[in-house]
Amino acid sequence: MLGLGTWRTFDVGVSAAVRAPLEEVLLRLVELGGRVVDSSPMYGVAESVVGDLAAHLGSTDTLFLATKVWTSGRDAGVAQMEQSLRRLRTRRLDLMQIHNLVDWRTHLRTLREWKAAGRIRYLGVTHYTSSGYDELERVLRGEPLDFVQVNYSLGEREAERRILPLAHDRGIAVIVNRPLVGGLLERVRHRTLPPWATEFDCESWAQVFLKWILAHPAVTCVIPGTSRPEHVVENMKAAVGVLPDSATRERMAALVAA
Ligand SMILES: NC(=O)c1ccc[n+]([C@@H]2O[C@H](COP(=O)([O-])OP(=O)(O)OC[C@H]3O[C@@H](n4cnc5c(N)ncnc54)[C@H](OP(=O)(O)O)[C@@H]3O)[C@@H](O)[C@H]2O)c1
């Protein structure tokens, strides 16, 4: 239920100095029971960095590797997905997602073929902003999907109106992106946590943000991005202990909004 995003954070060069902390990020993730790692060809060389580091750690088969197709046209999509397999150093991906619904009708046909052939285990679609929800809703209603990935957080709650209930009704697993909405966490994290945060086992604001998301009944997994091993350790603690009930979630939201 707690994985790792790689946008920006894993788009780095080959020097040992920049890669060593990221290798530790992956190591800590796996040690603490995390499995899902989300990437995309849109994220520069992030897929290659994940592939190299996971291979070095011997964790490629332990991880649940999720990436995306982000191009137009069948042939370009196939070429990009083949490239992702090479970069992630695997023969089969756990999840292939259509990034921001780009040319989704074309790619969905390919993904069904790849799933039938055993080259991917699951297929899905992603979006990151509420301006995409009308189309996302149409796809979720009209197509059988395994996963949807969408933005949802204490700073961006729109998905809970239509997308999360729909995914829940249709039996579609939900991965949440942008869980910490950068600026919002920055604004609150130097303030003292309310004493009642300990009632649901939170020691930090990041854990409050993550548990608030994980407590939504439609949410399967959340994928905060980080380049810092200590942040992975902190974030993974949101996957253990008590989750807030709905009344406590609203109390948390009101506090952060204030
Ligand atoms: N359309 C799409 O498909 C789409 C769109 C957006 C995102 N995504 C996926 O979702 C993932 C997550 O979204 P995101 O990376 O945009 O945003 P995010 O996870 O909400 O925020 C990432 C930022 O939070 C910081 N952070 C992480 N843990 C922290 C902690 N414990 N304390 C303080 N700061 C912390 C990280 O900085 P440090 O490095 O300093 O920890 C990083 O700058 C992406 O990496 C990507 O895989 C997909």
Side-chain angles (χ1 to χ4, degrees), residues 2-12 18-19 21-22 24-26 28-29 32 34 36-47 49-50 63-71 84 88 94-102 104 107 123-133 135-136 139 145 147-157 159 163 174-191 193 202-214 219-239 256:
L2 239 157
L4 183 72
T6 61
W7 180 48
R8 290 194 177 142
T9 45
F10 275 64
D11 184 16
V12 300
V18 292
R19 288 196 173 200
L22 298 177
E24 198 182 338
V25 162
L26 274 184
R28 296 276 167 258
L29 180 86
L32 293 167
V36 178
V37 177
D38 176 76
S39 197
S40 170
M42 188 203 207
Y43 305 161
V45 297
E47 287 180 318
V49 176
V50 170
L63 293 174
F64 181 105
L65 291 171
T67 193
K68 311 188 186 87
V69 54
W70 180 66
T71 186
S84 294
L88 288 161
D94 294 295
L95 170 61
M96 181 62 78
Q97 305 154 105
I98 302 170
H99 201 147
N100 293 349
L101 295 172
V102 173
W104 66 265
H107 298 316
L123 57 84
V125 295
T126 79
H127 221 289
Y128 71 102
T129 171
S130 54
S131 63
Y133 289 179
E135 191 175 15
L136 190 59
V139 178
L145 298 170
F147 279 84
V148 60
Q149 183 187 137
V150 71
N151 60 312
Y152 180 54
S153 70
L154 275 162
E156 298 178 338
R157 294 186 63 169
I163 303 300
V174 174
I175 295 180
V176 170
N177 64 38
R178 295 173 49 80
L180 302 174
V181 280
L184 184 59
L185 179 62
E186 280 310 308
R187 265 181 277 152
V188 299
R189 65 193 291 245
H190 301 297
R191 297 181 181 243
L193 273 183
C202 283
E203 300 164 344
S204 76
W205 282 105
Q207 290 163 10
V208 167
F209 274 55
L210 295 171
K211 283 210 170 191
W212 184 86
I213 296 166
L214 286 169
V219 171
T220 310
C221 176
V222 56
I223 48 167
T226 183
S227 52
R228 296 171 59 164
E230 66 273 24
H231 282 170
V232 172
V233 173
E234 178 184 350
N235 296 346
M236 288 304 294
K237 286 185 187 159
V256 171

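Just follow the structure's listing: the first ligand is 1, and inside any ligand the first atom is 1. Just so it is clear, the structure is predicted and the values come from calculations on it, not from any experiment.
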Do the side chains of [Y] and [X] get nearer than 4.5 Å, heavy atoms only?
X: F10; Y: V25; value: yes
X: L123; Y: L145; value: yes
X: V174; Y: Y152; value: no
X: D38; Y: N177; value: no

Practice problem: Determine the sole option in L210, L4, L29, I223 for which the side-chain contact (heavy atoms from CB on, under 4.5 Å) test with N235 is passed. | Solution: L210

Exercise. Pick out which of T6, V12, L22 makes a side-chain contact (heavy atoms from CB on, under 4.5 Å) with S227.
Key: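 Result for side-chain contact (heavy atoms from CB on, under 4.5 Å) with S227: L22.
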
Quiz item: So, S84 and E47: side-chain donor and acceptor under 3.5 Å apart, yes or no?
Solution: yes

Quiz item: Is it the case that T126 and Q97 place a side-chain donor and acceptor less than 3.5 Å from each other?
Solution: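 Judged by distance alone, the side chains do not pair up.
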
Determine, considering heavy atoms only, which of [options] sits nearest to [atom].
atom: atom 21 (O) of ligand 1; options: L180, T6, V232; result: L180
atom: atom 34 (N) of ligand 1; options: M42, K237, H231, Q207; result: H231
atom: atom 36 (C) of ligand 1; options: S227, A46, G225; result: G225

Exercise. Would you please determine whether E186 falls within less than 4.0 Å of ligand 1 on a heavy-atom basis?
Key: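 No; E186 lies far enough from ligand 1 that no heavy-atom distance drops under 4.0 Å.
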
Quiz item: Is W205 near ligand 1, meaning one of its heavy atoms is under 4.0 Å from it?
Solution: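 For ligand 1, residue contact (heavy atoms, under 4.0 Å) with W205 is absent.
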
Which ligand 1 atoms does [X] reach within 4.0 Å, using its non-hydrogen atoms?
X: E234; result: 31 (N)
X: A206; result: 30 (C), 31 (N)
X: Y43; result: 4 (C), 8 (N), 9 (C), 46 (C), 47 (O), 48 (C)
X: R189; result: 32 (N), 33 (C)
X: V181; result: 20 (O)

Quiz prompt | Nearest non-hydrogen partners of C221 and G3, listed with the distance | solution =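 For C221 and G3, the tightest heavy-atom pair comes out as SG-N, 4.2 Å.
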
Quiz item: What's the shortest heavy-atom distance between H127 and L136, and which atoms?
Solution: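 Heavy atoms only, the tightest pair is CB-CD2, 4.2 Å.
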
Give me the residue, atom name and distance of the protein heavy atom closest to [atom].
atom: atom 38 (P) of ligand 1; answer: T226 OG1, 3.5 Å
atom: atom 12 (C) of ligand 1; answer: I223 O, 3.1 Å
atom: atom 2 (C) of ligand 1; answer: H99 NE2, 3.5 Å
atom: atom 28 (N) of ligand 1; answer: N235 ND2, 3.0 Å
atom: atom 1 (N) of ligand 1; answer: N100 OD1, 2.6 Å
atom: atom 40 (O) of ligand 1; answer: R228 CD, 3.1 Å
atom: atom 4 (C) of ligand 1; answer: N177 ND2, 3.3 Å
atom: atom 6 (C) of ligand 1; answer: R178 CG, 3.8 Å

Quiz item: What do we get for N151 next to ligand 1 when only non-hydrogen atoms under 4.0 Å count, side chain, backbone, both or neither?
Solution: neither

Quiz item: Heavy-atom contacts under 4.0 Å between Q97 and ligand 1: side chain, backbone, both, or neither?
Solution: neither

Quiz prompt | Heteroatom distance test (P224, ligand 1): nitrogen or oxygen, under 3.5 angstrom | solution =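 The answer is no, given that P224 and ligand 1 share no N or O pair closer than 3.5 Å.
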
Exercise. Kindly confirm or rule out an N or O of T126 lying under 3.5 angstrom from an N or O of ligand 1.
Key: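 Among all N and O atoms of T126, at least one is under 3.5 Å from an N or O of ligand 1.
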
Exercise. Check the angle between the aromatic planes of H99 and W70 and answer parallel, tilted or perpendicular using the 30° and 60° thresholds.
Key: tilted

Quiz item: Would atom 43 (O) of ligand 1 count as contacted, meaning some protein heavy atom under 4.0 Å?
Solution: no

Quiz item: More than 12 non-hydrogen atoms from neighbouring residues, nucleotides or ligands closer than 6.0 Å to CZ on F64, yes or no?
Solution: yes

Quiz prompt | Member of E156, R157, R178 meeting the side-chain hydrogen bond (donor to acceptor under 3.5 Å, both in side chains) criterion with N151 | solution =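 It is E156; the other options fail the test.
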
Quiz item: Is K237 salt-bridged to E234, cutoff N-O under 4.0 Å?
Solution: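 Salt bridge: no.
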
